[in-house]
Amino acid sequence: MKIYNNPNTESFTELTQRPEQALSNLMPLVSTIFDEVKAKGDKAVAKYTELFDGVRLNSNSVNAQNIQESDKNLSKELKEAINLAYKNIKKFHQAQKTETVKVETMPGVVCWQEKKPIEKVGLYVPGGSAALFSSVLMLGIPAQIAGCQEIVLVSPPTKKGKLAPEIAYAAKLCGITKIYKVGGIQAIAALTFGTQSIPKVYKILGPGNQYVTAAKQLATNHKVAIDMPAGPSELLVVADKIANPAFVAADLLSQAEHGEDSQVVLVSTSKRLLKQVETSMKKQLEKLSRKDIASKALENAIGIYFKTPQQALDFINNYAPEHLSIQSNDESFYLKGLQNAGSVFIGSLTPESAGDYASGTNHTLPTNAFAKQYSGVNLDSFLKSITYQKISETGLQNIGKSVEILAEAEGLQAHKNAVSLRLESLKNNQDAEK
Ligand SMILES: NC(=O)c1ccc[n+]([C@@H]2O[C@H](COP(=O)([O-])OP(=O)(O)OC[C@H]3O[C@@H](n4cnc5c(N)ncnc54)[C@H](O)[C@@H]3O)[C@@H](O)[C@H]2O)c1
Ligand SMILES: N[C@H](CO)Cc1c[nH]c[nH+]1
Ligand SMILES: [Zn+2]
């Protein structure tokens, strides 16, 4: 972990840079694969699956029986843990449902807004270095609650060309039946254009590595919506002398083990804590099964000492972390001033990994400072709003003149006529009744 001593705001631009590759470096490859998948469909998907995932598949579809029988391969203990996570995530996302908004803006003019499910969604479940079946729950549950009609799940095949049984089990819980063993750029391209076997969707959601994230961004050029750029994991912990250094170290390592391009940051007003966390991280790292990945990620880790909580807060808002953990005496100060973060974990007893798996919040979150403008996945990510209006005779008389004036002022005669003809017809009817 590289340590910085009270850096000034001018250095924030450099310090908030993420280790992932620039989009411009990734785009040539992403574009090539998109073009090929568009032209050749499943054949191109198979070619890139073999190249990047090292398996040759005759078919990328997972058959219904495999999904139904997924229970068999899992321990009772794991199924119970998945079921608990399912329940909590469902509870939190179900509570996000909103009522129809209906307003009579002026007498006789009624406007309302209703949410409708996006009919066809594609869920990307990461599976390169680990099959993240928890992402199935994070995406499948809100899709199920929203009522999306066609839910298509894609995830890279295992080294043996199979779908991880945990993914199949979580998908079964969420009522997902269309599953394809394809990952990376080729999966996003397949969902964008459709292939002989994989349906085209209207929106692609889900986290992934930098290739997946860049591909999702290109998909938006082809009339496909995305949730957000949810790339390599990040955690920023702000902690001071009240924090337990071993807890902080464990939290930082939990996100470092995701991938070599993950980034973890420790911000503190205590130089002593920075040192203690570093020592604890080194010790804990030795025992990790993914030590190699985590150590590589730690090359990008930074520890920053700030003299005041205000400087620390300014840095946090500039960095806009995917996850923010607050283990500090100044907890309420940070919460009050916080502007930018994907998801926040408050207090020493709130490990970030609780949110990754089971507390109820969603773990699909904006990375690379996109928390400045994007929210993490939530129920609304699977819905769109339609507005409606109905105008009565009184309403038209109340609003008509103003619309005519506005249309005239914009030089749009036909717009004005659409009102004028109606007003005239109302007047004629009234005259006839007299
Ligand atoms: N932001 C979030 O909400 C969030 C949530 C969970 C996970 N994540 C991140 O998701 C990522 C998962 O990454 P992963 O790699 O394990 O799985 P992944 O499924 O995202 O990516 C694996 C795929 O990447 C492709 N690929 C690998 N190397 C490539 C190369 N050199 N060129 C082109 N394509 C290549 C392959 O097709 C492979 O199938 C991690 O970075 C993790 O931090 C983010
Ligand atoms: N921390 C990841 C989001 O960046 C989500 C995850 C899945 N499994 C474990 N963690
Ligand atoms: Zn995680």
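The structure displayed is predicted, hence computed values, not measured ones. Atoms within each ligand, like the ligands themselves, are counted from 1 in listed order. Along the sequence shown, the residues carry numbers beginning at 1.
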Among all the protein's non-hydrogen atoms, which is closest to atom 2 (C) of ligand 2, and how far away is it? H258 NE2, 3.3 Å
Ligand 2 versus E234: contacting region, heavy-atom distance under 4.0 Å: neither
Judging by distance only, is a nitrogen or oxygen of S135 under 3.5 angstrom from one on ligand 2? no
Side chain to side chain contact (heavy atoms under 4.5 Å, CB included) between Q389 and V110, intermediate numbers included: CA-CA 5 Å; Q389 58 203 278; V110 181; over 6 Å; no
Do the side chains of C174 and L137 get nearer than 4.5 Å, heavy atoms only? yes
Heavy atom of the protein closest to atom 1 (N) of ligand 2 (residue, atom name, distance): Q255 OE1, 2.8 Å
Are E80 and K76 close enough for a salt bridge, meaning some N to O gap below 4.0 Å? yes
Close residues, ligand 1: non-hydrogen atom nearer than 4.0 Å: L29, F52, D53, Y124, P126, G127, G128, S129, L132, P156, G183, G184, Q186, P207, G208, N209, Y211, V212, A230, G231, P232, S233, H258, E322, H363, T364, L365, T367
Apply the side-chain hydrogen bond (donor to acceptor under 3.5 Å, both in side chains) test between Q255 and each candidate in E322, E352, E234; give the one that qualifies. E352
Do me a favour and list the nearest non-hydrogen protein atom to atom 8 (N) of ligand 2 with residue, atom name and distance? S134 OG, 3.4 Å
The closest protein heavy-atom partner of atom 3 (C) of ligand 2 is E322 OE2, 3.3 Å
Residue pair I151 / K178, side-chain heavy-atom distance below 4.5 Å: no
Heavy-atom check, side chain of V154 versus side chain of V125, under 4.5 Å: no
Take atom CD1 of I386 as the centre, draw a 6.0 Å sphere, and report whether it contains more than 12 heavy atoms from other residues, nucleotides or ligands. yes
Listing by chain and number, which protein N, O or S atoms are under 2.8 Å from the Zn ion (ligand 3)? H258 NE2, D356 OD2
Can you tell me how the ring of F34 sits relative to the ring of H222, calling it parallel under 30°, perpendicular over 60° and tilted otherwise? tilted
